Amino acid sequence: MKLEPITLYDTLLENYGKQNWWPVDHLYHINNNTDPRFEIIIGAILTQNTAWSNVEKAIKNLKQNKKMDIKNINKIDIAELKKLIKPSGFYNQKAIRLKNFSRYLKNNYSNNIDNLFNKETYELRKELLSLNGIGQETADSILLYAGKKPVFVVDAYTKRICKRIPIKNLDSYNDIQKYFQKKLSKKYSKKQDQVKIYNELHALIVIFAKQFCKKKPDCEMCIIQKKCKYYKNII
DNA sequence: GTCCAGGGCCGTT
DNA sequence: AACGGCCATGGA
């Protein structure tokens, strides 16, 4: 017995509703003209193994200092950048990673983010992965949430529920990603539909796993216990 | 005080 | 290929 990705999606959607990620600060965009894609990319780097509540503090600091823009990240003194993003943790390496990306966008795409996302998706993915500080999840988050590319994001939660529920007994990032994309694209063949469901499902997995399928799971209240082998084994 | 968070890199097997 | 140590803050 296993839970199909599409069934997981339907169940989570029914319980949580649409998430409409990436969680950008909408109030900010009313008062500013910065491209939200910058905020998504910067947030994707800042949230590496970090609680989003801490990332929000760093983002707020960047905004208050008008640095929520790749061009300004490129100009800012790195010591100042470290200070602003400090609440997000791992701030020494993350400052370098933000600098890396900003230099990359300037040198290779003339600071034009449309040029970046006009590139063929898997060519761009390979390129992002070659940057120091951009791994698979960060690259795919950038491609999906900023670039609207049909790429499913796998994270620690996805890996956990894959094994625990189970969905399919897979370990590697690529295998899990391929499996979800194969299953979901069967029902959603159009690119924009895939973007939408990959977007929603990843967001739903995050809130679901935070609430129930934690490292120490809260199975008693879990919304998918009936479909979960792990739950059936512990009762 | 302890645990953990929307990872990734690097060195060692 | 796979694994362990490391990076750091703030909330539960």
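Source: prediction; values computed, not measured. Side chains included, hydrogens not; waters and symmetry mates left out as well; all remaining heavy atoms used. Lettering follows sequence order; numbering is per chain, from 1.
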Taking only N/O atoms, report every protein-nucleotides 11-13 of chain B pair under 3.5 Å with atom names and distance.
none

Check your understanding: Under the salt bridge (Lys or Arg N to Asp or Glu O under 4.0 Å) rule, what pairs show up with a residue in residues 105-115 of chain A, not counting sequence neighbours?
Key -> R37(A)-D114(A)
**Study point:** Residue pairs fulfilling salt bridge (Lys or Arg N to Asp or Glu O under 4.0 Å) with at least one residue in residues 143-164 of chain A, sequence neighbours excluded
**Key:** K163(A)-D171(A)
Revision key, fill the gap. Each nucleotide of nucleotides 5-12 of chain C classed B (base within 4.0 Å of a protein heavy atom), S (only sugar-phosphate) or -, in 5' to 3' order, makes --BBBSS-
What pairs of donor and acceptor atoms, side-chain ones from residues 76-85 of chain A against any protein atom, are under 3.5 angstrom apart with sequence neighbours left out?
| from | atom 1 | to | atom 2 | distance (Å) |
| --- | --- | --- | --- | --- |
| D77(A) | OD2 | A79(A) | N | 3.3 |
| D77(A) | OD2 | E80(A) | N | 3.4 |
| K82(A) | NZ | N92(A) | OD1 | 3.3 |

Practice item. Round to the nearest Å and state the distance from I205(A) atom CD1 to dA5(B) atom C1'. Key: 17 Å
Review point. P atom, dC10(B) versus dA8(C): distance in rounded Å?
Key: 14 Å
Review point. Tell me, which of residues 157-181 of chain A have any heavy atom that sits under 4.0 Å from an atom in DNA chain B?
Key: Y157(A), R160(A)
Exercise for review: Have a look at I96(A) and say if it touches a base, only the backbone sugar-phosphate, or nothing, with a 4.0 Å heavy-atom cut-off.
Suggested key: nothing
Exercise for review: Remember a base hit wins even if backbone is also touched, and classify A156(A) as base, sugar-phosphate or nothing at under 4.0 Å, heavy atoms.
Suggested key: sugar-phosphate
Practice item. Specify the residues of residues 134-143 of chain A, ordered by number, for which at least one heavy atom lies under 4.0 angstrom from an atom of DNA chain B. Key: I134(A), G135(A), Q136(A), E137(A), T138(A)
Review point. Sequence neighbours excluded, which residues qualify as side-chain hydrogen bond (donor to acceptor under 3.5 Å, both in side chains) partners of Y157(A)?
Key: none
Check your understanding: Picking from N111(A), I113(A), L105(A), what satisfies side chain to side chain contact (heavy atoms under 4.5 Å, CB included) with Y109(A)?
Key -> L105(A)
Point to revise | Pairwise 5' ranking along DNA chain B for L131(A) and K215(A), keeping only the more 5' one | key: K215(A)
Exercise for review: Write down the distance between CG (L129(A)) and P (dG8(B)), rounded to a whole number of angstrom.
Suggested key: 9 Å
Review point. Which residue pairs pass the ring pair (Phe, Tyr, Trp, His ring centres under 6.0 Å) test when at least one of the two sits in residues 208-230 of chain A, sequence neighbours left out?
Key: none
Check your understanding: Can you find a side-chain donor-acceptor pair between Q48(A) and T138(A) that sits under 3.5 Å?
Key -> yes
Practice item. Any pair with a residue in residues 182-204 of chain A that passes salt bridge (Lys or Arg N to Asp or Glu O under 4.0 Å), sequence neighbours left out, goes on the list, sorted by first then second residue, please. Key: E4(A)-K183(A), K196(A)-E200(A)
Check your understanding: Is there a side-chain contact between L8(A) and I205(A) (heavy atoms, below 4.5 Å)?
Key -> yes
Practice item. Please name all residues satisfying side chain to side chain contact (heavy atoms under 4.5 Å, CB included) with S141(A), sequence neighbours left out, ordered by chain then number. Key: W22(A), A44(A), E137(A), Y145(A), V153(A)
Review point. How would you list all residue pairs meeting salt bridge (Lys or Arg N to Asp or Glu O under 4.0 Å) that involve residues 49-61 of chain A, not counting sequence neighbours?
Key: none
Review point. Can you tell if the side chain of L98(A) reaches within under 4.5 Å of the side chain of L46(A), non-hydrogen atoms only?
Key: yes
Revision key, fill the gap. The residue among L170(A), I197(A), I167(A) that forms side chain to side chain contact (heavy atoms under 4.5 Å, CB included) with F180(A) is I167(A)
